[in-house]
Enquirer: 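Right, I'll just put the structure down here and ask away after.
Numbers restart at 1 for each chain; the letters A, B, ... are given by sequence-line order, proteins then strands.
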Amino acid sequence: MKIPQVKGTRDFYPAEMAVRNRIVDGWKRVSQRNGFEEYDGPIFERLEMYQIKSGDEIVDQLFSLKDRGGRNLAIRPEITPTLARMVNQRINSLPRPIKWFSVPRLCRAERPQKGRLREFFQWNIDIIGVDDIRADADVIFTTVDYLRDIGLTANDIVVKISSRRMLAAVLKEIGVPQGSLDSLYAVLDKMNKLPDETFEKMLDELLRDSEMVSKVRTFMGLENIQQIEGMFGRQEAFNELVRLMELLNSMGIGDYYRFDQGIVRGLAYYTGIVFEIYDKASELRAICGGGRYDNLLKDFGGPAISATGMGMGDCVLEILLKEKGLLDIPELEKGLDYFIARVPTVVPFEDHRTPLSVAVQLAAEIRKTDRRVDVSYRLTGSGEPPSLGRQLKEAAARNTEKCIIIGDEFREGKLVVKDMASGEQDMVGYDVFLTDLAGESE
RNA sequence: GUGAAAGUAGCUCAGUCGGUUAGAGCACUGGAUUGUGGAUCCAGGGGUCGCGGGUUCGAAUCCCGUCUUUCACCCCA
């Protein structure tokens, strides 16, 4: 019986797995070189945990289950609540700074579409307990450091940065009542995605004050902080933004970012700097998003400690990397360092050893040096060893770097080592070969 | 949750005014006188035409349902 694949999931055959590892290994490596330590939690958590932050609607968008004791559980749709729980549990004993990263596998019961599946991987980095804008700069830098590392340039992507704090200050200056802020954020977040008229209509309905609406629209049309400052006066939050940009410039990623007050982030919990990264052609959904959140730990029963972080899924990133041709590189191809072929016509050696027994022994020896080695399993129809040509063909098909041939010269303790790319081959003593190999590994 | 399009071999597709045992290319497997590979040539395996029902003497082909995929909306932690 054929069982169909589950909606919105992927199978990772070796070729896809190589791509996934390329992405995930980069996430881990770049996190570590930026001073982040890896953590992880369980793949399911108590359902309530996800209701705290996001409310009941979220329950429809996650996979939930009951355990045998009747507890409501959910497969994690994000890892930030787990992070908050873990940090809160040991808040008094964790050494600071808390700079942690994770690459969790997440599930969301959403309708799959381009760049969005029901199961995916997400790189998360967070800095907890550092109020300084330098932490926000580090989060943005680490993110760009990765994207740059994997081959994306300032011509491919753009980091759009804004500040919830600045937004709140300006909107207060304009006269927007405190109670309308959260719903207004949701509308402003859509500005770039909606036609002008629809956007204006939504503002009208929300604010019911044409002067306020026109001020908001003017503000949203401004291009830099200086213009905003000129129109709405210097706000405390501006210093923060300016300092962030100075830090990013010093870090050498000045050409990657752009101020854009259209970046609001849908979520209510952001309180400071917010950012999103897009492909420059802006044809895909956001590659990642993040920002400062001051109340999350408190919401999960911990102290009021400020935090800043970022999340990046693998789906959109992979689409972009494929478009840019950054995933078709030779190292991604499967391969062997050595393939050991044996000559089938050779009669057993003096101590009754056969080419095959020498081959498997040699393979085991080479594997001790952590190199990829294999010996053919192939037999002819009559159960005979395959021809040498056949074995070399297999070695070529498996993208082997060097082939070792065991034949008559082994009576003198010699191996034939053939370079598959150049076709050149040498005779080397068995012991000398292994000694050289061990030497190279050190 | 809403709307639209699509589903034939592992992949890309051809085949339908309804008519015998459903095809191609690529991929895969085997072979081309067995101590030298990638090319080429030859041969082969593989499909209950997504699944279920209906119409019909007869369905890959027409109708209905369903599942999956893709795209857009909703949402985006």
Enquirer: Could you check which nucleotide pairs with B:G37 in any of the strands shown, counting Watson-Crick or G-U wobble with both distances under 3.5 Å?
Expert: none
Enquirer: Can you measure A:Leu47 atom CG to B:A77 atom P for me and round it to whole angstrom units?
Expert: 19 Å
Enquirer: Using atom CD1 of A:Ile340 as one end and atom C1' of B:G35 as the other, report the distance to the nearest whole Å.
Expert: 17 Å
Enquirer: What is the nucleic acid contact for A:Gly291, judged by heavy atoms within less than 4.0 Å: base, sugar-phosphate only, or nothing?
Expert: nothing
Enquirer: Counting only side-chain heavy atoms from C-beta out, which of B:A77, B:U36, B:G35 sits nearest to A:Glu409?
Expert: B:G35
Enquirer: Quick check: do A:Arg372 and A:Arg398 have side-chain heavy atoms less than 4.5 Å from each other?
Expert: no
Enquirer: Does a nitrogen or oxygen in the side chain of A:Lys114 sit under 4.0 Å from OP1 or OP2 of B:C71?
Expert: no
Enquirer: Who is the Watson-Crick or G-U wobble partner of B:G52, with both distances under 3.5 Å?
Expert: B:C64
Enquirer: From the options B:U36, B:C76, B:G30, select the nucleotide whose nearest atom is closest to the side chain of A:Arg285.
Expert: B:C76
Enquirer: Expressed in angstrom and rounded to an integer, what is the separation of A:Glu78 atom CD from B:C76 atom P?
Expert: 12 Å
Enquirer: Suppose you measure atom P in B:G44 against the same atom in B:G23; what distance do you get, rounded to whole Å?
Expert: 13 Å
Enquirer: Find which nucleotide of RNA chain B each of A:Gly8 and A:Gln122 is nearest to by heavy atoms, and output the residue with the more 5' nucleotide.
Expert: A:Gly8
Enquirer: Could you check whether A:Pro77 gets within reach of a base, just the sugar-phosphate, or nothing at all, counting any heavy atom under 4.0 Å?
Expert: base
Enquirer: Mind checking the P distance from B:U21 to B:A14? Whole angstroms is fine.
Expert: 24 Å
Enquirer: If you check every side-chain atom of A:Lys393, which of B:A77, B:G38, B:C71 has the closest atom?
Expert: B:G38
Enquirer: Is A:Gly289 touching bases, backbone alone, or none of the nucleic acid, heavy atoms closer than 4.0 Å?
Expert: nothing
Enquirer: Taking any strand in view, what nucleotide pairs with B:C17 in a Watson-Crick or G-U wobble way, both distances under 3.5 Å?
Expert: none
Enquirer: Taking the side chain of A:Arg111 as heavy atoms from C-beta outward, which of B:A77, B:A72, B:U36 is closest to it?
Expert: B:A72
Enquirer: Rounded to whole angstrom, note down the C1' distance from B:C64 over to B:U70.
Expert: 23 Å
Enquirer: How far, in whole Å, is B:G53 from B:G46 if one measures between their P atoms?
Expert: 26 Å
Enquirer: Would you measure the distance from the C1' atom in B:A59 across to the matching atom in B:A22 and give it in whole Å?
Expert: 13 Å
Enquirer: Please state the P separation for the pair B:G7 and B:U12 - nearest whole angstrom.
Expert: 12 Å
Enquirer: Heavy atoms under 4.0 Å, any strand shown: does A:Arg76 hit a base, just sugar-phosphate, or nothing?
Expert: nothing
Enquirer: How about A:Trp123 and A:Tyr146: are their ring centroids closer than 6.0 Å?
Expert: yes
Enquirer: Between A:Tyr338 (side chain only) and A:Arg367 (backbone N and O only), is there a donor and an acceptor less than 3.5 Å apart?
Expert: no
Enquirer: In Å, rounded to the nearest 0.5 Å, how long is the span from CD1 of A:Ile140 to CD1 of A:Ile161?
Expert: 4.0 Å
Enquirer: Whom does B:C74 pair with, Watson-Crick or G-U wobble, provided both distances fall under 3.5 Å?
Expert: none
Enquirer: Could you tell me which nucleotide pairs with B:A43 by Watson-Crick or G-U wobble geometry, both distances under 3.5 Å, or answer none if nothing does?
Expert: B:U29
Enquirer: From B:U2, B:G35, B:A77, pick the nucleotide closest to the side chain of A:Val346?
Expert: B:G35
Enquirer: Could you check how far CZ of A:Phe339 sits from P of B:G38, rounded to whole Å?
Expert: 14 Å
Enquirer: Rounded to whole angstrom units, what separation is found between the CZ atom of A:Arg116 and the C1' atom of B:A77?
Expert: 11 Å
Enquirer: If you take atom types as modelled and just measure distance, does the side chain of A:Gln425 reach the base of B:U36 with a donor-acceptor pair under 3.5 Å?
Expert: yes
Enquirer: Quick check: does any side chain N or O of A:Arg76 sit under 3.5 Å from a backbone N or O of A:Gly41, one acting as donor and the other as acceptor?
Expert: yes
Enquirer: Considering every strand shown, what is the Watson-Crick or G-U wobble mate of B:U12 when both distances are under 3.5 Å?
Expert: B:A24
Enquirer: Could you please name the partner base of B:A5, counting Watson-Crick and G-U wobble pairs only when both distances are under 3.5 Å?
Expert: B:U69
Enquirer: When the distance from NZ of A:Lys402 to P of B:G37 is rounded to whole Å, what number comes out?
Expert: 20 Å
Enquirer: Between atom CZ in A:Arg390 and atom P in B:G35, what is the gap in whole Å?
Expert: 14 Å
Enquirer: Under 4.0 Å between a side-chain N/O of A:Thr345 and OP1 or OP2 of B:G35, yes or no?
Expert: yes
Enquirer: Would you mind telling me which of B:C73, B:G35, B:A77 lies closest to the side-chain atoms of A:Glu110?
Expert: B:A77
Enquirer: Nearest to the side chain of A:Asp408, which nucleotide is it out of B:A77, B:G38, B:G35?
Expert: B:G35
Enquirer: When you measure from the side-chain N and O atoms of A:Arg378 to the phosphate of B:G30, is any distance below 4.0 Å, counting only OP1 and OP2?
Expert: yes
Enquirer: Could you check whether A:Arg390 pairs with A:Glu394 (Lys NZ or Arg NE/NH1/NH2 to Asp/Glu carboxylate O, under 4.0 Å)?
Expert: no
Enquirer: In whole angstrom, give the distance that lies between atom CG of A:Leu388 and atom C1' of B:U33.
Expert: 16 Å
Enquirer: I'd like the C1' distance from B:C74 over to B:C13, given in whole Å.
Expert: 35 Å
Enquirer: For the C1' atoms, the ones on B:G25 and on B:A6, what distance do you get once it is rounded to whole angstrom?
Expert: 22 Å
Enquirer: Looking at B:G35, B:G37, B:C75, which one has an atom nearest to any side-chain atom of A:Ile405?
Expert: B:G35
Enquirer: Can you tell which of B:C75, B:G30, B:C74 lies closest to the side chain of A:Gln113?
Expert: B:C74
Enquirer: Hey, which sits more toward the 5' end of RNA chain B by its nearest nucleotide, A:Val343 or A:Ala421?
Expert: A:Val343
Enquirer: Does atom OH (A:Tyr430) have a neighbourhood of more than 12 heavy atoms from anything else shown, all under 6.0 Å?
Expert: yes
Enquirer: Any N or O donor-acceptor pair under 3.5 Å from the base of B:U36 to the side chain of A:Lys418?
Expert: yes
Enquirer: Looking at A:Lys402 and A:Asp426, is any side-chain nitrogen of the basic one under 4.0 Å from a carboxylate oxygen of the acidic one?
Expert: no
Enquirer: Closer than 4.0 angstrom, basic N to acidic O: yes or no for A:Lys414 and A:Glu412?
Expert: no
